[in-house]
Protein chains: 2
Amino acid sequence: MYLRSIRARVPPMLTDLYQFTMAYAYWNSGRHNEPAVFELFFRENPFGGGFSLFSGVHDCLLFLRNFRFTEEDVEYLRSVLPPTTNPAFFQFLRELDCSGVTLRAVPEATVVFARVPLMEVDGPLAVVQLLETSLLCLVNYASLVCSNAARFRLAAGPDRKLLELGLRRAQGPDGGLTASRYTHIGGFDMTSNVQAGFLFGIPVAGTMAHSYVTSFSSLEEVWPQTLLPADGEKDPIDLISLTKGLLGRLCELLGAEPAKIHEGELAAFLSYAIAYPGNFLPVIDSYSVSCGLLNFCAVAMALIELGHQPRGVRLDSGDLCRQSVEVRRVFKHCAKQFSVPVFESLIIVGTNNISEQSMMELSKKNEINVVGVGTHLVTCTRQPSLGCVYKLVEVRGSPRMKFSEDPEKSTVPGKKAVYRLLDSEGHPLMDLLCLSEEPPPLAGQTLRCYPLGQEAHLAVTPTQVTCLRQEVFAKGQVRNWSWWMWELDSQLSRSRPGM
Amino acid sequence: MYLRSIRARVPPMLTDLYQFTMAYAYWNSGRHNEPAVFELFFRENPFGGGFSLFSGVHDCLLFLRNFRFTEEDVEYLRSVLPPTTNPAFFQFLRELDCSGVTLRAVPEATVVFARVPLMEVDGPLAVVQLLETSLLCLVNYASLVCSNAARFRLAAGPDRKLLELGLRRAQGPDGGLTASRYTHIGGFDMTSNVQAGFLFGIPVAGTMAHSYVTSFSSLEEVWPQTLLPADGEKDPIDLISLTKGLLGRLCELLGAEPAKIHEGELAAFLSYAIAYPGNFLPVIDSYSVSCGLLNFCAVAMALIELGHQPRGVRLDSGDLCRQSVEVRRVFKHCAKQFSVPVFESLIIVGTNNISEQSMMELSKKNEINVVGVGTHLVTCTRQPSLGCVYKLVEVRGSPRMKFSEDPEKSTVPGKKAVYRLLDSEGHPLMDLLCLSEEPPPLAGQTLRCYPLGQEAHLAVTPTQVTCLRQEVFAKGQVRNWSWWMWELDSQLSRSRPGM
């Protein structure tokens with residue numbers, strides 16, 4: 001469906017009006033078919049960091065493949081362009097497609113750096129001009145949120161599971177889907193977004209919200225009250241009585257007052273456990289963590305007595321680190337006192353407005369196994385836009401350059417080749433920009449190069465030289481089918497919910 | 001098309017997985033049809049300000065009207081929910097719609113305040129639970145960007161024209177459309193986004209980018225070189241010769257060196273002017289403002305000699321205020337020296353990474369008529385998310401409350417009525433929350449009320465009392481057709497590009 005709806009998501013009209021007025025002026029002066037080359041790059045690494053993950057290439061390919069104006073589009077353009085526009089221009093638009101466009105791009109989710117041309121769009125001047133805004137729109141946020149996810153992953157370390165849950169804070173439905181998709185590529189394990197799971201095959205996760213807990217007020221609302229043991233060979237057991245007994249023993253063990261137990265919360269936990277005995281992972285701070293923890297332990301022990309496997313708890317407010325340590329202590333205490341070794345392997349999920357900063361703080365003493373991140377991940381609070389630009393570097397084989405009142409906005413002219421030089425251990429040394437007509441650097445040969453914006457030159461001897469970009473679209477077709485198939489593959493690899 | 005594609009944009013699967021696991025647990029315990037009430041509100045006014053404009057209501061109505069699972073959706077859910085899920089639950093999902101849901105909401109783009117329930121969603125517990133994430137996703141960004149636009153409008157004052165051009169920096173295609181739509185509602189006059197013009201009837205604007213200018217290198221690329229006078233009664237005139245003559249006189253007048261004129265830029269301006277003689281508004285800082293300004297003035301004067309009306313210039317880098325003052329000075333000087341009164345009414349467009357702060361600074365001495373805003377507007381840099389929440393306040397007629405380890409996350413229980421009290425001049429005094437069963441406040445009668453979070457009470461005597469929310473959806477239907485029709489109307493009111 002995502003594939004089918006690309007025309008609806010990214011019609012060629014999703015661009016700035018000036019692309020059409022410029023296209024008309026090119027057409028009017030007979031220049032529309034002159035071969036031109038645009039480059040796409042960003043000027044500064046995002047988040048004050050040292051890298052970005054370039055993403056959105058697949059969407060660009062789908063966009064180029066489907067680039068066609070409908071009669072309705074053309075009629076609208078006729079109504080908004082100046083009335084002096086030559087009607088033959090609209091016929092030109094009706095017949096336009098991207099069959100003359102060649103796209104060279106770095107592969108999806110490559111680690112890239114500022115000022116390196118990541119895409120080269122080569123084709124008839126008027127067409128490649130029209131593509132500007134749509135291509136920028138498709139790569140800017142995808143790359144930003146993918147890079148942000150990678151930073152969260154670096155801050156979290158390799159072992160902790162990361163869950164994206166930003167749908168409600170994203171820039172609308174499609175923003176939410178883009179976030180789920182590219183944070184998964186950037187290092188998140190799971191998403192809460194069901195549609196993203198459906199479309200992209202990302203593992204989905206989630207169990208309950210506070211509203212579920214607060215919707216219950218008494219044990220009378222629990223129905224059915226019984227649960228079959230996991231082996232299915234015995235009669236259903238009254239889970240309420242069983243849990244009440246365990247709760248009494250737990251209060252004794254932990255020195256808690258039974259009167260402080262919130263009956264509605266206990267009812268909610270029991271009811272959920274009866275519905276999903278193998279997926280019991282409640283949120284335990286709807287009233288207070290100490291109350292929620294007692295209720296969890298009682299229900300979890302009852303489940304274990306029936307041969308089911310509880311999963312863990314979610315903490316959603318307050319000091320997650322401190323709470324997780326206390327929760328773990330209680331789990332271990334129970335495991336020992338009640339001889340329930342399952343309690344040793346319960347997981348703790350933390351979700352409370354996690355930022356990259358607080359993710360780094362989580363590396364302090366804590367017992368959290370899974371971290372759910374929403375707002376700061378999908379809105380990229382620290383820097384909510386990447387700022388990729390699309391600049392003309394060549395027309396009819398001759399280089400083009402833009403100067404500017406802001407010197408950093410000036411461009412580097414000419415059609416280029418981009419090489420990544422690697423050292424003897426396979427580590428990247430540098431990305432080298434050459435004019436495309438220059439001979440490529442050779443492995444084992446020392447070359448002299450000039451770091452951008454500096455006067456002095458460097459001598460470097462690469463052990464290995466790779467072309468950073470590949471031709472991915474030409475003559476109206478996606479050229480690298482393995483990438484393209486990845487898209488379809490991912491939709492087939494459906495998986496059961498984690499967490 | 002926007003209307004038709006709402007199912008594709010916002011399927012009922014665009015929600016968090018836990019909504020489904022909770023819905024199942026409700027269903028499993030026979031509670032899914034219990035009447036429940038959720039409230040939607042935000043906890044703090046955005047951008048450290050005093051208000052928000054609540055938006056996204058129309059999209060919510062479309063979503064509710066179209067809420068239906070497809071067979072494909074249900075099959076996916078079956079694959080990700082635990083295998084113990086009772087198959088009858090999927091039949092329940094197949095038959096589900098929003099016919100039992102009632103939505104009360106404040107009208108689109110109402111000025112609202114923190115902690116006031118802006119939407120009340122009333123219906124069967126399992127259904128209103130499922131709606132949570134989608135409704136939040138539809139109102140959060142819409143309200144945020146609409147409020148941000150209103151702040152830019154307040155900073156700009158009522159007279160300056162505001163142009164939204166954030167598509168390339170938004171969270172993907174749909175984020176860009178949402179931004180164009182709701183910044184228009186929030187006070188922007190125009191957008192650069194053609195698809196937004198097409199779908200929502202927003203006036204579109206734009207003329208040329210730097211790439212157009214840098215694509216030209218010599219006057220030989222100008223074709224045709226002639227232009228018909230506006231009255232159409234004379235023969236075509238050689239615009240290049242005419243402009244060259246004027247350029248010489250301009251250089252003399254302004255003490256500029258003809259050698260410093262960039263021929264490519266002059267060619268670009270001439271070519272555009274020949275294509276669109278009534279829409280000539282070039283960007284003049286592709287090389288330097290002083291060079292661009294000379295070229296503009298020469299071409300503009302040539303257009304005027306042929307009876308055409310140039311429009312103005314765009315500045316896109318450097319100190320916009322200072323440059324605009326200089327540009328205006330030159331315009332006035334030319335108007336006088338060359339007796340071209342049209343030069344008195346040329347417009348200056350400024351676009352250079354404008355933030356709310358720099359918009360306020362623009363209120364200092366400057367000559368900018370139209371301000372284009374992109375990144376900071378659509379990404380809401382100062383606060384990139386609003387944080388609306390959706391909280392259960394009543395089940396089966398009895399109030400529900402959530403406590404929290406973070407006290408500000410606790411909720412105010414019970415189904416409520418919300419009144420806006422006005423004083424004798426029609427100004428709002430306060431928004432009053434009552435339980436829905438309490439008698440409404442009456443105009444002219446003093447009432448005692450308690451500001452949220454404070455102990456002391458206030459006495460207030462409203463001159464007028466209005467209900468802040470209206471019933472906009474019930475029994476599966478949008479109830480207020482005038483709103484709904486607004487959507488269709490807007491698509492018919494197409495307009496020519498402004499700026």
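The analysis underlying the following values was restricted to heavy atoms, covering all of them including side chains, and did not include hydrogens, waters or symmetry mates. Numbers restart at 1 for each chain; the letters A, B, ... are given by sequence-line order, proteins then strands.
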Original post:
Who among Gly175(B), Ser192(B), Ser134(B) has the most heavy-atom pairs with chain A under 4.5 Å?
Top reply: Ser192(B)
Original post:
Taking Arg181(A) as the fixed residue, which of Asp59(A), Asn193(A), Thr191(A) is the one that meets the side-chain hydrogen bond (donor to acceptor under 3.5 Å, both in side chains) rule?
Top reply: Asp59(A)
Original post:
In this structure, which one of Arg400(A), Glu394(A), Arg396(A) forms a side-chain hydrogen bond (donor to acceptor under 3.5 Å, both in side chains) with Ser398(A)?
Top reply: Arg400(A)
**OP:** Check each atom of Gln323(B) against the heavy atoms of chain A and say whether the ones under 4.5 Å are side chain, backbone, both or neither.
**Re:** side chain
Subject >> Thr85(A) versus chain B, the contacting section by heavy-atom distance below 4.5 Å >> reply: both
Original post:
Can you check side-chain contact (heavy atoms from CB on, under 4.5 Å) on Leu130(A) and Phe20(A), steps first, answer last?
Top reply: CA-CA 7 Å; Leu130(A) 281 173; Phe20(A) 289 103; 3.6 Å; yes
**OP:** Among the options Ser215(A), Ser385(A), Ser317(A), pick out the one with the most heavy-atom pairs lying under 4.5 Å from chain B.
**Re:** Ser215(A)
Original post:
Under the side-chain contact (heavy atoms from CB on, under 4.5 Å) criterion, do Leu177(A) and Leu14(B) qualify, and how do the steps go?
Top reply: CA-CA 8 Å; Leu177(A) 283 173; Leu14(B) 195 79; 3.8 Å; yes
Subject >> Which portion of Leu135(B) sits near chain A, non-hydrogen atoms under 4.5 angstrom >> reply: neither
Original post:
Under a 4.5 Å heavy-atom cutoff, which of Met208(A), Gln19(A), Arg31(A), His210(A) has the most pairs with chain B?
Top reply: Arg31(A)
**OP:** Go through the steps to decide whether Thr379(A) and Thr379(B) satisfy the test side-chain contact (heavy atoms from CB on, under 4.5 Å), and finish with yes or no.
**Re:** CA-CA 8 Å; Thr379(A) 64; Thr379(B) 63; over 6 Å; no
Original post:
According to the interplanar angle, ranging from 0 to 90°, do the rings of Tyr272(A) and Tyr212(A) count as parallel (below 30°), tilted (30 to 60°) or perpendicular (above 60°)?
Top reply: perpendicular
Subject >> Among the listed options Gly30(A), Ala268(A), Cys137(A), Ala36(A), the residue most often paired with chain B at heavy-atom distances under 4.5 Å >> reply: Cys137(A)
Original post:
Most heavy-atom pairs under 4.5 angstrom with chain A, which of Ala273(B), Gly166(B), Ser29(B), Gly318(B)?
Top reply: Ser29(B)
**OP:** Flag the one option from Thr133(A), Leu315(A), Leu167(A), Val395(A) with the top tally of heavy-atom pairs under 4.5 Å to chain B.
**Re:** Leu167(A)
**OP:** Looking only at non-hydrogen atoms, find the nearest pair between Thr84(A) and Tyr24(A) and report the distance.
**Re:** O-OH, 3.9 Å
Original post:
Heavy-atom distance under 4.5 Å to chain B: side chain of Thr375(A), backbone, both or neither?
Top reply: side chain
Subject >> Top contributor to chain A interface from Thr214(B), Leu136(B), Asn140(B) [non-hydrogen pairs under 4.5 Å] >> reply: Thr214(B)
Original post:
So which of Gly374(A), Ala196(A), Gly387(A) has the largest heavy-atom pair count under 4.5 angstrom toward chain B?
Top reply: Gly387(A)
Original post:
Which atoms of Val194(B) come close to chain A, meaning under 4.5 Å heavy atom to heavy atom: side chain ones, backbone ones, both, or neither?
Top reply: both
Subject >> Shortest non-hydrogen contact between Ala179(B) and Val145(B), atoms and distance >> reply: CA-CG1, 4.2 Å
Original post:
For Gln383(A), is it the side chain, the backbone, both, or neither that has a heavy atom closer than 4.5 Å to a heavy atom of chain B?
Top reply: neither
Subject >> Leu77(A) versus chain B, the contacting section by heavy-atom distance below 4.5 Å >> reply: side chain
Subject >> Toward chain A, the part of Val378(B) with a non-hydrogen atom under 4.5 Å >> reply: backbone
Original post:
Among Asp16(A), Leu392(A), Ile274(A), which has the most heavy-atom pairs under 4.5 Å with chain B?
Top reply: Asp16(A)
**OP:** Among the options Thr21(B), Asn353(B), Val289(B), pick out the one with the most heavy-atom pairs lying under 4.5 Å from chain A.
**Re:** Thr21(B)
Original post:
Which residue out of Asn352(B), Val393(B), Val139(B) racks up the most heavy-atom pairs below 4.5 Å with chain A?
Top reply: Asn352(B)
**OP:** State, yes or no, whether a side-chain contact exists between Phe38(A) and Gln129(A) at a heavy-atom distance under 4.5 Å.
**Re:** yes
**OP:** Below 4.5 Å from any heavy atom of chain A, which atoms of Asp319(B) appear? Answer side chain, backbone, both or neither.
**Re:** neither
Original post:
Would you say Pro224(A) and Asn28(B) make side-chain contact, with heavy atoms under 4.5 Å?
Top reply: yes
Original post:
In terms of the angle between their ring planes, are His262(A) and Tyr287(A) parallel, tilted or perpendicular, with boundaries placed at 30° and 60°?
Top reply: parallel
**OP:** Using a 4.5 Å cut-off on heavy atoms from C-beta on, say whether the side chain of Trp27(A) contacts that of Asn86(A).
**Re:** yes
Original post:
Given a strict heavy-atom distance threshold of 4.5 Å, which part of Tyr390(B) is in contact with chain A: side chain, backbone, both, or neither?
Top reply: neither
Original post:
Glu132(A) versus chain B, heavy atoms under 4.5 Å apart: side chain, backbone, both or neither?
Top reply: side chain
Original post:
Any chance the side chains of Thr178(A) and Gln171(B) put a donor and an acceptor closer than 3.5 Å?
Top reply: no
Original post:
Hey, does the side chain of Arg169(B) reach the backbone of Cys388(A) with a donor-acceptor pair shorter than 3.5 angstrom?
Top reply: yes
Subject >> Best-contacting candidate, Glu221(B), Gln225(B), Met401(B), against chain A by heavy atom pairs under 4.5 angstrom >> reply: Glu221(B)
**OP:** Check each atom of Ser217(A) against the heavy atoms of chain B and say whether the ones under 4.5 Å are side chain, backbone, both or neither.
**Re:** both
